[in-house]
Amino acid sequence: MCGRYVQTSPADALAARFGARLPEGLAWVPRWNVAPSTPAPVVRADGPGRELALLTWGLLPSWAKDAAGLRPINARAEGLAGKPMFRDALRRRRALVPADGFYEWQASGPGKVPWHFRLKGGGAFAFAGLWERREAPGGPPLETFAIVTTEANDVVRPVHARMPVILDAEAEALWMREGALSPDEAARCLRPLDASRMEAWAVSSWVSSPARDGPRCVEPAG
DNA sequence: CCAGACGTTGTT
DNA sequence: GTCTGG
DNA sequence: CCAGACGTTGTT
DNA sequence: GTCTGG
């Protein structure tokens, strides 16, 4: 799964890295502990191009009667095209969710140990994302997103059975192509990243409280 | 037909 | 135990 | 995802 | 909105 991640790149760097328009006034303070129900930067289609936007993590479908209720933060890649909750978003509202790391909790023995995962040497990447817009009478529409998950690769598996989909350069382009993807194209995007490209280390349970933030979150456990 | 769900993860 | 908030 | 709350009445 | 279960 993926229920907490790192996104420290400034908005202008994200716009440059992902070829997205940067809306005036969009601000992002680097975060080492992005949690569900909070805003985070997302890259989505903007006419023929792309734009950066801040959306709330936890997908609220357009047909939801109220803002409460189910807001899945993840969407399983397996069987995704058949899920009423995600089908329309998979066809028309795919997104890149920029990050530079994520956490998984190892539930072995008493207590849970958080681990930090990133690309070898660090650097920005994109999770495969889906987004939705739900109109809200008398207010601005609620825009939300979810992160697609798949089975864990060899780096993540010792810690957790699932991991977020990290798109490589080719998959980024395909995932953001206009129009629906064929089942084969979707499957090509939604695979576990090659384990040789990742590194991981255990971190202090200091990160476990979503109220905490800062570089300390990713310091190796002492 | 209508009513009710629509999700993931982990644990038992 | 279960729900809400971040 | 995890952490933290989980309630009412009346008074200030 | 759309699918599943009764």
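Here is how names work: the chains are called A, B, and so on, in the same order as the sequence lines, proteins then strands, and each is numbered from 1. Hydrogens, waters and symmetry mates play no part in the numbers below; they use all other heavy atoms, side chains included.
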Which one, dG7(B), dC2(D), dT11(B), comes nearest to the side chain of Ala107(A)? dT11(B)

For nucleotides [N] and [M], find the distance between their [atom1] atoms and express it as a whole number of Å.
{"N": "dG7(B)", "M": "dG7(D)", "atom1": "P", "answer": "29 Å"}
{"N": "dG6(C)", "M": "dA5(B)", "atom1": "P", "answer": "27 Å"}
{"N": "dG4(B)", "M": "dG5(C)", "atom1": "P", "answer": "26 Å"}
{"N": "dT12(B)", "M": "dC1(D)", "atom1": "P", "answer": "15 Å"}

Please list all pairs meeting ring-ring contact (aromatic ring centres under 6.0 Å, His included) that have one or both residues in residues 171-203 of chain A, counting only residues at least two apart or in different chains. His116(A)-Trp201(A)

Parallel, tilted or perpendicular, judged at 30° and 60°: which one describes the rings of Trp105(A) and Tyr103(A)? tilted

Under 4.0 Å from OP1 or OP2 of [N]: is there any side-chain N or O of [X] that close?
{"X": "Arg87(A)", "N": "dC3(E)", "result": "yes"}
{"X": "Arg76(A)", "N": "dT9(B)", "result": "yes"}
{"X": "Lys83(A)", "N": "dT8(B)", "result": "yes"}

Take the protein atom CG of Leu70(A) and the nucleotide atom P of dG4(B), then report the distance between them rounded to whole Å. 16 Å

Counting only Watson-Crick pairs (N1-N3 plus N6-O4 or O6-N4) and G-U wobbles (N1-O2, O6-N3), all under 3.5 Å, who is the partner of dA5(B)? dT2(E)

Trp105(A) over dT9(B), stacked by centroid distance under 5.5 Å, angle under 30°: no

Ion pair present between Arg197(A) and Asp194(A), side-chain N to carboxylate O less than 4.0 angstrom? no

Under 6.0 Å from the six-membered ring centre of Trp131(A) and within 45° of its axis: does the NZ or CZ of Arg44(A) meet both? yes

Those residues of residues 209-222 of chain A lying under 4.0 Å from DNA chain D by at least one heavy atom: Ser209(A), Pro210(A)

